[in-house]
Amino acid sequence: MAAERPSSRGQAWFCTTGLPSDVVMEVEDMTFHLHKFPLMSKSRKLHQLITEQETNQTYAAERGGREGEEHEPDRDEIEEVHCQISLQDFPGGSETFEMAARFCYGVKVDITSSTVAPLRCAGEFLEMTEEYSEDNLISKTERFLSQSVLKNLKESTKALKSCEKVMPLAESLGITQRCIDFIASRASSADPTLFGWPVSDGANDNRATSNQALWNGIESAVRRKGAVSASTVAASVGRGADSWFEHLALLSLPLFQQLILAMKAQDVSTDIIESCLMYYAKKYIPGISRMNRKPSSSSSIASESEQREVLETIISNLPLEKSSKSSTATRFLFGLLRTATILNASESCRSALEKKIGSQLEQATLDDLLIPSYSYLNETLYDVDCLERILSYFLDGLEERNADGIEAEENGDHNVRSPGLMLVGKLIDGYLAEIASDANLKPDKFYNLAISLPEQARLFDDGLYRAVDVYLKAHPWISKAEQEKICGVMDCQKLTLEACTHAAQNERLPLRAVVQVLFFEQLQLRHAIAGTLIAADAAPHDSMRPSLLRREREGVEERAVSAAPAAGAGEAQDSSSNWRAAVRENQVLRLDMDSMRTRVHQLERECSTMKKVIEKVDKEGPRGWRGSLTRRFGCKFKTQVCDSHEQTVVNTSKGRYHHHQQ
């Protein structure tokens with residue numbers, strides 16, 4: 001068979017077998033010039049249509065009175081047309097009909113996973129059954145479907161994609177459901193790492209993985225160590241899965257949604273489901289990832305309404321369970337939230353997404369929390385209200401878990417520090433420091449966010465102090481009452497010595513806050529010295545016991561080795577020297593204790609004198625009081641600040657803190 005398509009006659013397909021064609025089939029914009037016998041021998045439907053048309057032509061000829069007329073055919077013509085049939089709504093269009101026609105002529109047809117569904121529907125449409133003709137198209141496609149397609153995950157995904165152009169017939173024949181069920185069943189029994197979990201950002205793969213930290217140790221747009229290792233493993237074992245994700249992302253939205261629902265019904269791993277949703281969203285919604293905002297070149301950019309529909313479908317199908325420990329999923333969720341705000345997604349959609357983020361907030365980074373404010377109603381640079389809602393969902397979930405006894409002790413001890421809560425505490429402290437420089441941030445908004453976390457969220461309040469310092473510097477116009485209210489969010493007892501030293505010389509702090517810092521600094525120092533003295537008092541008694549036991553043991557050994565006088569004399573000499581060394585250590589320790597007691601008395605006198613001076617300064621007024629303290633007590637130290645959760649000192653001449661002090 002050969003085909004030629006003369007442009008003068010549109011698109012036409014001729015069978016050049018040397019015999020003139022006697023039937024013309026019209027499918028879409030293509031005209032097929034064929035022969036009756038091959039078509040009628042394989043297709044019951046074409047046999048009926050051709051027979052019916054011949055009968056009608058004969059009946060019309062009899063009624064026209066042309067029964068005896070004979071017409072001599074033109075010898076120059078290469079075809080003689082007797083029937084012309086138009087097949088409306090043929091499944092798969094002209095391409096599928098061409099393959100079906102080749103099959104009728106006995107030409108070998110290459111059946112693939114992308115053509116088996118259209119050919120199966122074409123066979124059903126043309127009634128090419130096994131009862132009508134042996135080894136017909138329906139039986140061949142069914143055999144290929146069951147033996148080849150529904151044995152391989154990628155091939156079944158391709159077949160599912162090909163069902164879109166023959167929809168509703170493919171669905172009525174069960175081809176769509178069979179492919180979906182097979183994919184879901186195979187995915188439920190697969191290892192999530194084989195599917196390329198987590199789906200990594202393309203730009204992140206080329207980024208440097210050096211650990212860059214903020215002033216208070218919070219990661220900023222840097223992958224945690226576990227996430228990097230997970231992405232490395234996924235890249236090595238999931239290259240084949242990327243191809244499957246690409247085919248999956250080509251599915252239409254209704255088919256993709258059906259597949260996700262089937263995967264949920266089969267209890268497929270939430271990691272795999274989220275991977276599918278992430279890949280699909282990144283393909284059709286540009287701008288979700290901050291690292292890769294260029295749309296895919298292989299697909300056209302969808303309209304805003306289409307993107308909104310895809311976004312709401314993705315969010316509605318997100319698993320309610322907490323994602324894996326990878327921060328990639330959390331970063332993706334924040335990208336969805338930013339896009340939902342831009343596309344004006346429904347309120348219920350955004351609320352569901354915020355709850356999902358709140359359930360795994362401890363996996364986020366500071367860069368994730370910095371959601372720009374896209375509404376003209378918000379005066380602030382970042383959407384603080386959105387973060388407050390996310391934080392409230394996190395705290396609600398934490399209370400529920402504590403009530404169920406997951407993270408709290410069975411005896412109801414609420415002082416247990418949750419690792420997730422402490423991570424969120426670090427995040428919020430860093431977030432407060434970032435938004436504190438916003439001139440439009442109201443004091444009440446800053447205050448409410450700072451006190452929203454429970455006391456157990458912070459081991460030290462140094463990060464909170466830094467945020468307060470930045471806010472007071474950026475808002476010098478607020479009243480004294482508001483300044484004291486802002487300073488009230490931090491607990492001076494939870495400031496480290498370095499932070500207390502910095503706060504004691506911070507001229508932006510109100511006088512009351514500085515007095516509290518100085519008082520608690522002296523109190524901490526006194527407690528530390530007192531604890532050292534108590535330990536020192538207990539040390540001699542504890543040290544006597546092993547010495548006495550040692551002497552008793554040595555005496556027993558002396559009696560046991562009386563037969564060996566030389567060896568016994570050596571051991572007795574060693575024990576005597578050890579005892580003398582212990583006595584000398586105790587004497588030195590007592591001298592240190594006496595010296596420490598003297599120092600404590602000196603510090604108490606200095607503290608008492610400092611209180612009197614501060615009371616006098618309060619009466620005289622704030623002017624010049626800091627210089628008075630510096631001259632009287634010599635409290636001029638090198639300015640230092642420290643990490644809020646790790647006792648490491650950072651010089652203010654370097655780093656982010658110095659940037660805020662400029």
Side-chain angles (χ1 to χ4, degrees), residues 1 3 11-15 17 19 21-60 81-150 159-179:
M1 300 182 69
Q11 291 187 327
W13 194 91
F14 292 88
C15 177
T17 59
L19 298 175
S21 62
D22 51 9
V23 60
V24 176
M25 309 295 298
E26 295 180 357
V27 180
E28 293 181 339
D29 58 345
M30 183 75 73
T31 302
F32 294 88
H33 298 261
L34 306 173
H35 303 85
K36 296 179 182 178
F37 178 74
L39 301 179
M40 297 174 67
S41 63
K42 289 290 186 180
S43 171
R44 178 185 283 111
K45 185 178 184 66
L46 292 180
H47 184 278
Q48 293 175 352
L49 291 175
I50 293 173
T51 303
E52 181 180 352
Q53 191 169 101
E54 288 179 344
T55 303
N56 292 337
Q57 289 178 351
T58 303
Y59 178 73
V81 178
H82 293 282
C83 296
Q84 186 167 356
I85 300 174
S86 177
L87 298 178
Q88 301 293 333
D89 300 326
F90 187 82
S94 58
E95 294 182 1
T96 305
F97 182 81
E98 179 179 342
M99 289 187 290
R102 290 177 180 273
F103 179 82
C104 293
Y105 277 88
V107 179
K108 183 179 179 180
V109 178
D110 187 17
I111 302 178
T112 64
S113 57
S114 300
T115 61
V116 63
L119 283 175
R120 173 65 180 88
C121 293
E124 188 71 20
F125 183 86
L126 296 175
E127 300 180 16
M128 302 173 69
T129 62
E130 197 72 14
E131 293 80 7
Y132 185 76
S133 177
E134 293 183 0
D135 200 18
N136 215 338
L137 185 59
I138 292 180
S139 61
K140 289 183 72 68
T141 52
E142 281 289 343
R143 187 162 52 250
F144 182 84
L145 191 64
S146 59
Q147 295 180 358
S148 300
V149 176
L150 299 180
L160 182 60
K161 169 63 179 176
S162 66
C163 290
E164 294 176 0
K165 55 184 179 182
V166 288
M167 279 303 288
L169 185 55
E171 190 169 7
S172 63
L173 293 176
I175 303 175
T176 303
Q177 194 62 41
R178 289 163 64 186
C179 293

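Atoms considered below: every heavy atom in the structure, side chains included; atoms not considered: hydrogens, waters and symmetry mates.
- Other residues, nucleotides and ligands place no more than 12 heavy atoms under 6.0 Å from the CD atom of Glu95.
- When all heavy atoms of Arg44 and Thr129 are compared, the pair lying nearest together is NH1-OG1, 3.6 Å.
- Summarising the geometry, atom CD1 belonging to Ile50 is positioned 11.5 Å from atom NE2 belonging to His35; distances are rounded to the nearest 0.5 Å.
- In this structure, the side chain to side chain contact (heavy atoms under 4.5 Å, CB included) partners of Lys45, at least two apart in sequence or on a different chain, are Ser43, Leu49, Phe125, Glu127.
- Side-chain contact check for Arg120 versus Leu145: every heavy-atom pair is 4.5 Å or farther apart.
- Here Asp135 pairs with Arg143 under the salt bridge (Lys or Arg N to Asp or Glu O under 4.0 Å) rule; sequence neighbours left out.
- Residues Ser86 and Gln88 have side chains that bring a donor and an acceptor to within less than 3.5 angstrom of each other.
- Of all the heavy atoms in Ile138 and Met128, the pair that sits closest is CG1-O, 3.3 Å.
- Side-chain contact check for Cys179 versus Leu150: some heavy-atom pair is nearer than 4.5 Å.
- Contact detail for Pro91 and Val166: the closest heavy-atom pair is C-CG1, 3.8 Å.
- Between the CE atom of Met30 and the CZ atom of Phe97 there is a distance of 11.0 Å, given to the nearest 0.5 Å.
- Checked by atom type and distance alone, the side chain of Tyr105 never pairs as donor or acceptor with a backbone atom of Leu34 at under 3.5 Å.
- At least one donor-acceptor pair under 3.5 Å links the side chain of Ser41 to the backbone N or O of Pro38.
- The shortest distance between side-chain heavy atoms of Pro118 and Ser162 falls below 4.5 Å.
- At a threshold of 4.5 Å between non-hydrogen side-chain atoms, the residues Glu28 and Phe90 do not count as touching.
- Paired with Thr141 under the rule side chain to side chain contact (heavy atoms under 4.5 Å, CB included), one option of Val116, Val109, Asn136 passes, and it is Val116.
- Side-chain atoms of Leu137 and Lys42, non-hydrogen and from C-beta on, never get closer than 4.5 Å to each other.
- With rounding to the nearest 0.5 Å, the separation of CE in Met167 from CD1 in Ile175 is 10.0 Å.
- In this structure, CG in Leu39 is found 6.5 Å from CE in Met25, a value given to the nearest 0.5 Å.
- Glu26 approaches Thr31 most closely through the heavy-atom pair CG-OG1, 4.4 Å.
- Considering CD1 of Ile85 and CD of Glu52, their distance stands at 9.0 Å, rounded to 0.5 Å.
- Of all non-hydrogen atoms in Ala159 and Val149, the two that sit nearest each other are CB-CG1, 3.6 Å.
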Candidate pair Val23 and Gln53, rule side chain to side chain contact (heavy atoms under 4.5 Å, CB included), full reasoning: CA-CA 11 Å; Val23 60; Gln53 191 169 101; over 6 Å; no
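- For Thr115 (side chain) and Ile111 (main-chain N/O), no donor-acceptor pair under 3.5 Å exists by modelled atom type.
- Looking at every heavy atom in both residues, Thr96 comes nearest to Ala122 through CG2-CB, 3.7 Å.
- When side chains are defined from C-beta on, Leu160 counts as touching Thr176, because their heavy atoms get closer than 4.5 Å.
- Residues that satisfy the salt bridge (Lys or Arg N to Asp or Glu O under 4.0 Å) test with Glu164, not counting sequence neighbours, are Lys161.
- Going from atom SG of Cys104 over to atom CE of Met40 covers 12.0 Å, rounded to the nearest 0.5 Å.
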